[in-house]
Amino acid sequence: MVVVMKERASEAEIDAVIARLIDLGMDVHRSSGATRTVLGVVGAQKVDPQLVAILDGVHEVLRITEPYKRASRSFKPTDTVVSVGDVRIGGDEVVVMSGPCSAETEDQVMATAAAVKHAGAKILRGGAFKPRSSPYSFQGLGEPGLQMLRRAADVHGLALVAEVMDAAQIELVGRYSDIYQVGARNMQNYTLLRELGHTRKPVLLKRGIAATIEEWLLSAEYILAGGNPDVILCERGIRTFETATRNTFDVSAIPVVKKLSHLPIVADPSHGAGRRDMVAAMARAAVAAGADGLMIEVHVDPDHALSDGAQSMYPEQFEQVMRELRIIAPAIGRTICVAPSPATKHR
Ligand code: PEP
Ligand code: MN
């Protein structure tokens, strides 16, 4: 870190700051200019910048390294590619994960899986444990929902991502799902993150509704520090003052994360926009901005969906956006889910 002293800081104040930093185990390099003294501080210890900022004579403290380590690109310069079966997230191919917000019935899950597979998705998404704002809303089917999702994924040759809401559900969800989803509301559930660090399945970590990118990467750090290297970040929109959309989809988070971290980042334009008529535009923007994948909610009958119907696409809309994405992806040197095989035609 760099400690900038006040213009009128006294020698005694400067000496006291240096002594404190040395006491904290740091090496201090002093440069005294015509009006100010600046202290360059290096060392293996982590020092809380706020502890230094309140010392007498200090003008400001500037951090020069990120507070996270394993998630940072300086720690690992090459892109992390997360493999799930033969699907690779973070490579040249933009991977699409799609399906209903919630598993509702056997037929709904199976038909939606068929539709998204036909359009080119590689991973089925769907929730059996739902983090709903209201305790009176549909909370998910639990294990029977996971069974429906697994069966549909297997029938259609898709991998599966499903949400885990609590550390106590890890074993159960892991029996059915290939990827654990940590929802936005749980991004700072550190007990859950720590436990997922001890698992060997990839974790899709959604950005919290009011989380900074730094906080999000620190949450990823919990999983990485526990020994699980397979973290996929997911931008799903943040809460701002704007009310025209459900959330404000932060496209800029994609290049920011790419710069700061080696972890793959996928975008969820469904929760980002909250309206199905705006999902395609946000999906196109996300791919153009460099997202490694997309998570899109699709439902065969969204008007009767038990959760997130308004933002769930009709299968035809999803097919249309996939066609558009197949034009956009090559323009930035990427591929996107290869064309469907005739054998998996949607009923
Ligand atoms: C979901 O994916 O259905 C979901 C609940 O997402 P989020 O955690 O981003 O709100
Ligand atoms: Mn949803």
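These numbers come from a predicted model, not from an experiment. Each ligand, and each atom within it, is numbered from 1 in the order the structure gives.
With the Mn ion (ligand 2) as the vertex, atom NE2 of His271 and atom OE2 of Glu297 span an angle of 90° (nearest 10 degrees). Taking the Mn ion (ligand 2) as the apex, the angle formed with OD2 of Asp308 and SG of Cys101 is 90°, to the nearest 10 degrees.
Looking only at protein heavy atoms, the nearest one to atom 2 (O) of ligand 1 is Arg125 NH1, 2.7 Å. Of the protein's non-hydrogen atoms, the one nearest atom 4 (C) of ligand 1 is His271 NE2, 3.3 Å. Protein heavy atom closest to atom 8 (O) of ligand 1, with residue, atom name and distance, is Ala184 N, 2.7 Å. Protein heavy atom closest to atom 3 (O) of ligand 1, with residue, atom name and distance, is Lys130 NZ, 2.8 Å. At the shortest separation from atom 9 (O) of ligand 1 among protein heavy atoms lies Arg236 NE, 2.6 Å.
Remark: ligand 1 atoms within the under-4.0 Å shell around heavy atoms of Lys206 are 1 (C), 2 (O), 4 (C), 6 (O), 7 (P), 8 (O), 9 (O). Set against the non-hydrogen atoms of Gly183, the atoms of ligand 1 under 4.0 Å away are 8 (O). Close approach to Cys101 involves these atoms of ligand 1, each under 4.0 Å from a residue heavy atom: 3 (O).
Using a non-hydrogen distance threshold of 4.0 Å, Arg207 does not register as a contact of ligand 1.
In the displayed structure, Arg239 atom CZ is contacted under 6.0 Å by at most 12 heavy atoms of other residues, nucleotides or ligands. Open room surrounds CZ on Arg20; 12 or fewer heavy atoms of other groups in view lie less than 6.0 Å from it.
Put simply, CD on Gln181 and CZ on Arg125 are 5.5 Å apart, with the number rounded to the nearest 0.5 Å.
For Glu163, no nitrogen or oxygen atom sits less than 3.5 Å from a nitrogen or oxygen atom of ligand 1, counting backbone and side chain alike. Close N/O approach between Glu297 and ligand 1 is found [any backbone or side-chain N/O within under 3.5 Å]. Looking at Arg185 next to ligand 1, an N or O pair under 3.5 Å apart turns up.
Proximity of Met295 to ligand 1, defined as any heavy-atom pair under 4.0 Å, is not found for any part of the residue.
Partner of Leu124 under the side chain to side chain contact (heavy atoms under 4.5 Å, CB included) criterion, chosen from Asp178, Val298, Leu158: Leu158.
We find that Lys130 and Asp308 are not joined by a salt bridge, their nearest charged nitrogen and carboxylate oxygen being 4.0 Å or further apart.
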